[in-house]
Every structure is written in C-alpha cells, then in structure tokens.
Number of protein chains: 2
Amino acid sequence: MAWKGISDAVIRRLPIYLRVLEEVRGKETCISSHELGKRAGVRPALVRKDLAWFGEFGKQGVGYDVEFLQDELRKILNLDEPLHMALVGVGSLGHALARYNWRRFKEDPLFTIKLVALFDIRPELIGRDIDDVPIYSTDEIPRVVPENDIRLAIVTVPADVAQEITDVLVQAGVKAILNFAPVKLDVPKDVQVANADLSLELQRLAYYIGAQHP
Amino acid sequence: MAWKGISDAVIRRLPIYLRVLEEVRGKETCISSHELGKRAGVRPALVRKDLAWFGEFGKQGVGYDVEFLQDELRKILNLDEPLHMALVGVGSLGHALARYNWRRFKEDPLFTIKLVALFDIRPELIGRDIDDVPIYSTDEIPRVVPENDIRLAIVTVPADVAQEITDVLVQAGVKAILNFAPVKLDVPKDVQVANADLSLELQRLAYYIGAQHP
DNA sequence: TAGATTGTTAATCGATTAACAATC
DNA sequence: TAGATTGTTAATCGATTAACAATC
C-alpha cells in the first residue's frame with residue numbers, strides 16, 4: 001500500500017503495535033487504545049492518532065478488533081505478502097543473522113520477510129548454502145537480485161566496502177537496506193536505510209554510565 | 001562525567017561526531033561545524049548547538065581543534081577509560097557479536113569498551129571461552145558482574161527469558177543494556193536500554209517498499 | 001439508556017533551523 | 001584589517017498530549 005507524507009516516527013511504532021496484537025490474539029478479540037498503548041509503551045492518544053492516519057479501524061465504546069487491526073497493519077507495512085531479502089557479507093555476524101532470520105521465518109507463519117540469497121566475495125563460500133539459502137558471489141548481485149525480485153538487503157560487509165556494495169545493490173533494484181557497517185551510506189531518496197550500528201549504540205550507552213542520570 | 005537534562009537526541013549524535021573526528025584526525029588539525037556537520041549528516045547550526053551544551057570548544061573564525069574536541073567528547077561519553085561489558089546468551093548471534101566486539105577492541109586502541117564476560121545456560125559451553133573471554137553460567141551473574149565491575153551488557157537470549165535475565169543483570173549492578181531480544185524490557189529509571197530489534201527494523205523497512213515513497 | 005472509547009481538534013512541548021553579534 | 005566561524009537567541013517546525021463531541 002502507499003501513503004504519502006506520513007512521518008517515520010509513526011511508521012516505527014506500527015511494528016510494535018503489530019507485536020502486541022500478535023501477543024493478544026486468541027486471548028482477546030478486542031483491544032482499546034489504552035491497553036494497546038500500555039503494552040506498546042505509547043500513550044493511548046498517540047495510538048489512536050497513529051492509526052487514524054490510515055483509516056477508521058476502531059469502534060467507539062468498544063476499541064479495535066484485534067484480528068482486523070492486525071490484518072490492516074500488515075497491509076500497511078507490506079507484510080501481507082512475501083518479501084524477498086538478500087544478505088551481503090557472510091562473516092560471523094552475517095552468518096548468525098542468516099540463521100536467525102531463517103529460524104524466525106520457519107517458526108512464525110506471519111513473518112513474510114524471506115531470506116532468499118546470500119552474497120560473499122570469498123571463493124570458498126560461494127556455491128555453499130546456509131539453511132538452504134545459497135551463497136553467491138557478490139559479482140552476481142546484478143543478476144540474482146532482479147531475478148529473485150529482491151527488494152530488501154542486509155549489509156554485513158566491512159566498512160570500507162559497504163558503500164560500494166550498497167551502490168551495486170541499489171543499482172540492482174534494492175529499495176531498503178539494513179546496514180550493520182559502521183558507515184553512513186549514501187543512497188538515492190527512494191531507498192531507505194536503517195542503521196544497526198552497534199558501536200554507536202554502545203558509545204551512546206556509555207554516556208549513561210558512571211553518573212546518576214535520571 | 002555527569003550532565004543533567006541533556007536530550008538523548010543530542011547524545012545520539014555525539015558518537016557520530018566522534019567517528020568523523022577519528023576519520024579526519026591526522027589529515028586536519030581543525031574542523032568547522034560546517035565540515036563536521038557535512039560528514040556527520042547534521043546541519044552546522046545543530047553541531048554547534050550540540051557541542052555548546054557541554055562547553056565552549058571552538059574558536060571563532062577557526063573552528064574546532066580535532067584532537068581536543070575528540071578528547072572532550074570521549075570524556076563526555078565516558079569513553080576516556082575502560083568500560084567493562086558482559087554478553088548474555090552465546091547463541092549464534094551472541095557468538096558473532098562476541099567475536100565482532102573483540103576484534104573491534106583489538107584493532108582500535110580508542111575503543112575502550114571491553115568485553116570481559118560471557119554468560120550462557122548451556123552446560124557444554126560453560127568453562128569454555130571465545131577469543132579469551134570466558135563463558136560463565138548465568139547463575140554466576142550476581143558474582144561475576146560486581147567482581148569485574150561490569151556496567152554494560154549485551155542481551156542475546158531468547159525472548160521468553162530476556163526480562164528475567166535483565167532483572168538479574170540490573171540487580172547485579174548493570175547500568176546499560178543493548179537488547180537484541182524482541183521484547184520491551186522493564187528496567188528502573190537509572191538503567192538505560194538500547195534496542196537492536198532486527199524484526200522491528202525489517203518490518204519498518206518493508207513499509208518503504210512497493211510504493212514510490214519520497 | 002449509561003458507560004466506554006473512538007477520531008479529531010486545539011494546546012503544548014521539544015527539537016531544529018536561521019540569523020547575527022561577538023571575536024578569533 | 002577582513003574574512004570566517006563560533007555561541008546564542010529567536011523563529012520555525014514537527015511531534016505529542018489533552019480534551020471532547022460523536023457514537024457504539
């Protein structure tokens with residue numbers, strides 16, 4: 001689905017709501033913005049405002065139908081159909097994430113993000129697979145990405161080649177990147193990057209240590 | 001060091017500035033807010049405002065002394081002295097992060113966050129080590145954490161035990177947690193949590209796929 | 001019906017940006 | 001000195017919260 005001009009702050013909360021709905025599903029058929037907010041760590045007014053951007057999903061005096069809202073949120077987030085993902089850089093972190101994602105996908109039928117290709121530069125890895133996901137040469141990105149309709153990629157390559165790999169991925173049609181390399185990636189405006197920069201997070205956390213910060 | 005009431009939005013940018021300074025160091029002795037901002041992806045006015053919270057580090061007409069500013073930022077972030085960290089949950093992700101962090105620490109003398117203990121529940125792992133960092137039983141957290149002055153922890157345990165482990169860590173004196181488990185952790189106000197929730201990030205990215213979002 | 005809860009508007013809060021006097 | 005750039009104030013922008021009429 002496609003909405004325009006909705007703030008990323010809103011979009012970030014939708015997957016959190018989705019997680020709460022998944023927890024609640026089966027136990028309750030209906031949930032109020034108050035309850036949903038409490039479990040998500042968000043004020044009820046903000047829950048209602050967030051949802052109202054996309055439609056009128058609730059009933060006054062009652063709340064939101066859990067399954068209905070879940071379906072709607074999944075449509076909004078493009079999680080109602082399989083989404084093909086690649087991972088570039090099968091080092092120890094890449095390897096771990098490949099296995100992690102695969103397990104997630106196997107266990108949860110609602111997790112539609114499917115890892116379909118791995119890429120690495122090392123010849124000894126190419127042609128092998130991890131949990132049935134094949135490892136290709138990075139040279140093959142321009143062929144394999146379009147062929148498999150891959151739109152999403154995880155980047156776990158060393159910092160010094162991250163930009164280069166990103167350019168190739170974007171050129172091949174990737175629209176969103178989860179970046180673990182400690183670099184700010186330059187991408188066209190129609191490509192989204194989420195940074196999972198562990199060093200930055202750890203350095204930030206360090207600030208809150210040592211003193212009695214409230 | 002201890003400052004009060006400074007927004008987390010500001011703190012999050014300091015490690016980014018620090019990274020830029022590290023890149024520039026040796027090449028330039030001085031850097032302007034304009035140049036620092038350009039490399040960090042932040043407007044110059046905001047760079048100056050961020051730094052001004054902590055002191056007057058610049059010189060009019062000149063800019064900021066690179067090494068001096070680096071030192072100051074490192075003091076502010078508590079990165080001027082070693083900081084001991086633990087990792088709980090030596091699964092494939094935990095294992096990868098343990099190796100990653102260790103390498104980072106070895107290679108970069110300025111990276112002072114030191115991984116000193118690993119914890120897991122599986123008997124076959126206990127007593128072994130990863131790159132010389134010993135694996136203890138999770139039962140040992142209450143003893144090992146204070147003994148090693150561990151203030152920071154990475155949590156890579158399954159979701160259903162993450163809260164329980166967190167409670168034990170906090171009880172033992174941990175002040176900041178980098179959480180990879182897909183759960184919202186409840187902690188006292190004086191403990192900071194940074195979430196590295198990959199599922200949430202991937203689901204967010206999914207939103208930006210499929211339509212021509214600007 | 002009476003109580004509860006939505007969707008929405010207006011008020012508040014906080015963060016970013018623009019502008020500029022001070023000064024190196 | 002003249003040009004450049006800081007630290008800081010005021011203006012703007014955007015996001016959150018509070019309040020409430022509508023209505024199930």
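Just so it is clear, the model here is predicted, and its values are computed rather than measured. Lettering follows sequence order; numbering is per chain, from 1.
- Around the NZ atom of A:K184, the shell of radius 6.0 Å holds more than 12 heavy atoms that belong to other residues, nucleotides or ligands.
- Every residue meeting the side chain to side chain contact (heavy atoms under 4.5 Å, CB included) condition with A:V168, not counting sequence neighbours, appears here in chain and number order: A:I141, A:P142.
- With sequence neighbours excluded, the residues satisfying side chain to side chain donor-acceptor pair (under 3.5 Å) with B:S199 are A:R104.
- Side-chain contact of B:D167 with B:Q171: a donor-acceptor pair under 3.5 Å is absent, judged by distance alone.
- Of all the residues in residues 48-66 of chain B, B:R48, B:K49, B:K59, B:Q60, B:G61 reach under 4.0 Å from DNA chain C with at least one non-hydrogen atom.
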Watson-Crick or G-U pairs under 3.5 Å in DNA chain D, rendered as dot-bracket with [ ] for crossing pairs and | for another strand = ..||||||||||||||||||||||
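- Residues meeting the salt bridge (charged side-chain N to carboxylate O under 4.0 Å, His left out) test with A:D71, sequence neighbours left out: none.
- Partners of A:R12 by side chain to side chain contact (heavy atoms under 4.5 Å, CB included), not counting sequence neighbours, listed by chain and number: A:D8, B:E201, B:R204.
- For the atom pair CG (B:L73) and CG (B:L79), the distance works out to 9.5 Å, reported to the nearest 0.5 Å.
- Here B:D131 pairs with B:R99, B:W102 under the side chain to side chain contact (heavy atoms under 4.5 Å, CB included) rule; sequence neighbours left out.
- Contacts between residues 10-26 of chain B and DNA chain C, defined by a heavy-atom separation below 4.0 Å, involve B:R13, listed by number.
- Comparing A:A45 and B:H34 by the nucleotide of DNA chain D that holds the closest heavy atom to each, the one mapping nearer the 5' end is B:H34.
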Contacts under 3.5 angstrom, residues 59-66 of chain B side chains, donor-acceptor by atom type, not counting sequence neighbours:
from: B:D65; atom 1: OD1; to: B:E67; atom 2: N; distance (Å): 3.2
from: B:D65; atom 1: OD1; to: B:F68; atom 2: N; distance (Å): 2.8

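- Open room surrounds CD1 on A:I121; 12 or fewer heavy atoms of other groups in view lie less than 6.0 Å from it.
- Along DNA chain D, the stretch of nucleotides lying under 4.0 Å from any heavy atom of chain B spans, 5' to 3', D:dA4 to D:dT9.
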Under 3.5 Å, which donor-acceptor pairs do the side chains of residues 81-94 of chain A form with other protein atoms, sequence neighbours left out?
from: A:H84; atom 1: ND1; to: A:N148; atom 2: O; distance (Å): 2.7

For a quick test of your reading: what N or O donor-acceptor pairs under 3.5 Å do the side chains of residues 35-42 of chain A make, sequence neighbours left out?
from: A:E35; atom 1: OE2; to: A:R39; atom 2: NE; distance (Å): 2.8

